[in-house]
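Naming: A, B, ... by sequence-line order, numbering from 1 per chain.
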Number of protein chains: 8
Amino acid sequence: MRVAVVMGSLSDLEVMREAMEVLEALGIPYEARVISAHRTPDLVAEYAKRAEGEFDVIIAGAGGAAHLPGAVAAYTTLPVIGVPIPTRHLGGLDSLLSMTQTPRGVPVAVVAIGGAANAALLAARILGIRHAGVRDKLRQYAEQLRREVLSRSLIKEFRPESV
Amino acid sequence: MRVAVVMGSLSDLEVMREAMEVLEALGIPYEARVISAHRTPDLVAEYAKRAEGEFDVIIAGAGGAAHLPGAVAAYTTLPVIGVPIPTRHLGGLDSLLSMTQTPRGVPVAVVAIGGAANAALLAARILGIRHAGVRDKLRQYAEQLRREVLSRSLIKEFRPESV
Amino acid sequence: MRVAVVMGSLSDLEVMREAMEVLEALGIPYEARVISAHRTPDLVAEYAKRAEGEFDVIIAGAGGAAHLPGAVAAYTTLPVIGVPIPTRHLGGLDSLLSMTQTPRGVPVAVVAIGGAANAALLAARILGIRHAGVRDKLRQYAEQLRREVLSRSLIKEFRPESV
Amino acid sequence: MRVAVVMGSLSDLEVMREAMEVLEALGIPYEARVISAHRTPDLVAEYAKRAEGEFDVIIAGAGGAAHLPGAVAAYTTLPVIGVPIPTRHLGGLDSLLSMTQTPRGVPVAVVAIGGAANAALLAARILGIRHAGVRDKLRQYAEQLRREVLSRSLIKEFRPESV
Amino acid sequence: MRVAVVMGSLSDLEVMREAMEVLEALGIPYEARVISAHRTPDLVAEYAKRAEGEFDVIIAGAGGAAHLPGAVAAYTTLPVIGVPIPTRHLGGLDSLLSMTQTPRGVPVAVVAIGGAANAALLAARILGIRHAGVRDKLRQYAEQLRREVLSRSLIKEFRPESV
Amino acid sequence: MRVAVVMGSLSDLEVMREAMEVLEALGIPYEARVISAHRTPDLVAEYAKRAEGEFDVIIAGAGGAAHLPGAVAAYTTLPVIGVPIPTRHLGGLDSLLSMTQTPRGVPVAVVAIGGAANAALLAARILGIRHAGVRDKLRQYAEQLRREVLSRSLIKEFRPESV
Amino acid sequence: MRVAVVMGSLSDLEVMREAMEVLEALGIPYEARVISAHRTPDLVAEYAKRAEGEFDVIIAGAGGAAHLPGAVAAYTTLPVIGVPIPTRHLGGLDSLLSMTQTPRGVPVAVVAIGGAANAALLAARILGIRHAGVRDKLRQYAEQLRREVLSRSLIKEFRPESV
Amino acid sequence: MRVAVVMGSLSDLEVMREAMEVLEALGIPYEARVISAHRTPDLVAEYAKRAEGEFDVIIAGAGGAAHLPGAVAAYTTLPVIGVPIPTRHLGGLDSLLSMTQTPRGVPVAVVAIGGAANAALLAARILGIRHAGVRDKLRQYAEQLRREVLSRSLIKEFRPESV
């Protein structure tokens, strides 16, 4: 059980770090790496081709033209999760559309703009199908989120003296 | 190994049928069902809660406010794939944003607008992690797509008499 | 006469506080609470189901996928007012579309992005149908807005010496 | 108990007719009328000013600049529901934004683009706060929607011979 | 010869001040005033109705639903210039669409988002049709813009030693 | 008193014809002509430079990059009205933005996408400042629109037998 | 002198044929071919790597995620022109953004959505820098466009009998 | 071999400077200049007409209506590269659409919003067709980008003690 976390640029790390932290919190082994669909296309091809032996799921973050998740998915049959990195001028709408609208045959599993934490949770859900330990941790995580909401649910009760 | 294909309305079947056809072509068992996050919320809750025992992956198609995939994902730790159904007035951009922008903690794996076939292929990639048979079929499918392109690659060679 | 003010996350309080302040200014009793369609779906179901006995109107703020108002509306016949919370990357356009585009059968009354004050005024308009006291306060509020504009209407009169 | 259904142009009737049909199905009295914020502004003012004595809720459909719901809301304290009419070139996104983004003080309760049926249901929810008969009909309507989904929920069960 | 500069809120003055400054620079008399289509609809009606005797052109700035220019244009046959005020969440795209998409019969002359200076210049172009003095000043203004560009046109000439 | 109606392509005539018809209905002399900012830039320059002697207002329709109104406005001090021609793929949003967002110094008076009739009415409003005859016709036109609405205002009065 | 015209799918040929026709009209040799960044990534890599010996310019059409032009540009130093193919649901805005927003280091020269003819003309402009024959043909083409406009420039001259 | 770098306003220099720096790094001679399609149209015409004798490629940056690249392209057969300058309110989406959507006959080679560096690299690719020295520098530049990625590719390897 191992996840690859790849990103198109070192500047994406600020966003992608959240995926790494969630994977660590869930105890899921991973390797994080910068590979660029545009600047190191051969490396992407090579990396994606040998990924099947080494990883179960690939998380790929990219911004703008955001080809990385689709480029990786083109070379492997592993599930590839795409994280649209927010962009300076268009807020990441460009990243989101570039990632989701892949052609029939090469799917990418896209999460929210900047949603690296959710990408890690999605990877965990995928791994959890067969790994009861991961599934248990996901349940604990969900339960913890639930409790956080419940513990601070009531904000205010306003009762004017006369209605 | 079994997939749930759910959709918010019977009118989504036109799009979602492609997911069913791809699953059948890959020999993956599935159940297809209409459940509505808005019109049958209790059914969605119930269905999603007992999904873990019955399914490995859930594919959920919905349009407009498109809450179904997120609603299902809120009740299970299974991976949920969302298919944004095209909408009449906004082309499905509303469906796409409603589906991807789920909050931290509840990921949905979103594919292209109308991308039901890719949702099925993504489900197959997820199942393929442990099912060599599915992985093999995915490779054959990819090889077939590759050959289709190769077999009709050259369209025209234009050489004017004098250049 | 009582209003429920719910929001998907404690971070929405910054926006939703305006709704609370307007309700207080109008002397309308309310309860404000965090409930999350994605992290506490059962709580939302339960809360919405027993809302009819306790509240007249529900105001629900949510951002991004913004399912909360629709999720609440699915479980009750009370009028539900949705406040699209602004989002970091898309300005709240995602929240707005996720909220308005609910399917036939489950309406949400959506106000402006970040329009929590207007949500409270809309709730007051709804209550004012039968509560003359609320209607009077709305008239005073409108009159006050009118006077604020009138009292500072003229900004400048420019008459050059020779035209 | 009476609803006003107004629209900016006779061409909006195609969409707004759905609101009328739903009101009739629910047995709610209404008057449907064309009044234009741009072509008959005085009529709108006059109509909205005397609306309080005659109606409980106003449903206003308009397209493009779509000022009608806001113009009506400016002259009354009744709740005003806005229906963004789809437009030829922008799909109704212009109508939606023109309607929702009213300034603080003058709320409009906006439903989906072309969502006239939901506007009528929202009016019924508002009336239902005090009219148990309307609330009952809404419950029946919801129950009917639920049953429609349930009665045709299962689409297909696919079990390949060998998996 | 006189221009009315109206705006929906005092907060629009920051943008609209540019229109006032350009009118002053061109020596065109004007009155600047806050009137709100939503908060003081009667005042808008009254103001617009008696505008023909007092003004030649009306410049109206508004943000969000941005009904002011259209509301004014509905009550007068004077040319009305609309300035879409930038909005916090949608950048003013909402203001722009709310202003331009008025129905057949009630035109608004819309300039760029935040383009108050251009609104004043457009008013001057309109007045310049009959006022040679204004036309002359517009020519001087254009000439000045031209010279500013020409005077600092060349930024750099780069000639590497060996090419 | 004379208006120039120019358009970037003969295919724009379908939309621009409405401007011509309204001008004719109002008895306003005009010349309609195809001139292209991209294909005949010199002609545009020449035409715009000598326009001041011949015309009072210029209406310019263009689609896509839609430079024509701005290009004309760059060469004249006459008021230039822009009509964004709807485009096949983006509905005319591209035309609208290309036209409105001109830089400080060169205003274009933009109307709705496809709003050629309103462009003619805006030209008439501008001419009407000094031409009482045009102003009278505009009033009659507005009155006629008002009557059309009034004559068919009431669509339906629904009174169920028992409420 | 030779151009490569590549496209991601045979269905793009309907749009890309225009590029081929313009190249033929200008007498520029080319090869047209289907290669897919997602379905035949190795072929794209191989094709792009050996392109420098065979071609001067590459025109690449693709829709949706539209990675092809960027993928080709990643493997070559030849200029790559991208044609955003219109898409069914988003009109090609997705194709446009996916193509233009490539990262620093790997430029794509993007033309209008569906602008295959302009892509060919851009290729001709690039070749024309050194090929006087191509430049001459471009001048003739421009002259022909100019004449077409001039020959049918005047549409109508309207002079009412009394003004 | 020489490139013209033009921009619509001195304020565009902040973005366009990157193009200049890349050209200098590649040893490509250029002239950088402010010329405005709206404020100095005659200068643009003149400059573009005599460009063929002096330059091989033109890079033009402009924001908002962003007519400059198209205006230049209308007067020359040289390849024109457009850089959409980011805008304050719409992020440069207006610049992007204004630039790309030029009509058939007058192509502009558009790069990313704010993509001045890529514009320079695209110019270099065009010059590199015949200038082996430029092509070599592009290869070195690409190699350098590749190495930067490779040298810092691995970010983290996470192996929890027990999986």
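To the nearest 0.5 angstrom, B:Glu31 atom CD is 13.5 Å from D:Phe158 atom CZ.
Within a 6.0 Å radius of CZ in D:Arg139, other residues, nucleotides and ligands contribute more than 12 heavy atoms. Counting non-hydrogen atoms of other residues, nucleotides and ligands closer than 6.0 Å to CD of B:Glu14 gives a total of 12 or fewer.
Of all residues in residues 40-78 of chain D, none places a non-hydrogen atom less than 4.5 angstrom from a non-hydrogen atom of chain B. The contact list for residues 81-116 of chain D toward chain B, using heavy atoms and a distance under 4.5 Å, reads D:Pro86, D:Gly91, D:Leu93, D:Ile113 by residue number.
Residue B:Leu13 touches chain D through its side chain alone, counting heavy-atom pairs closer than 4.5 Å. Using a 4.5 Å cut-off between heavy atoms, B:Ile35 contacts chain D through both its backbone and its side chain.
Residues D:Pro160 and B:Gly27 share a closest heavy-atom pair of CG-O, 3.3 Å.
Side-chain contact between B:Val34 and D:Arg152: absent, with no pair of heavy atoms (C-beta onward) separated by less than 4.5 Å.
Using a cutoff of 4.0 Å between basic side-chain nitrogens and carboxylate oxygens, D:Lys156 and B:Glu24 are scored as salt-bridged. Look at D:Glu157 and B:Arg2 and you find a salt bridge, because one of the NZ, NE, NH1 or NH2 atoms lies within 4.0 Å of a carboxylate O, short of that distance.
Counting heavy-atom pairs closer than 4.5 Å to chain D, the top-ranked of the candidates B:Val134, B:Leu10, B:Val5 is B:Leu10.
Looking only at distances, no side-chain donor or acceptor of D:Ser153 sits under 3.5 Å from a matching main-chain atom of B:Arg33.
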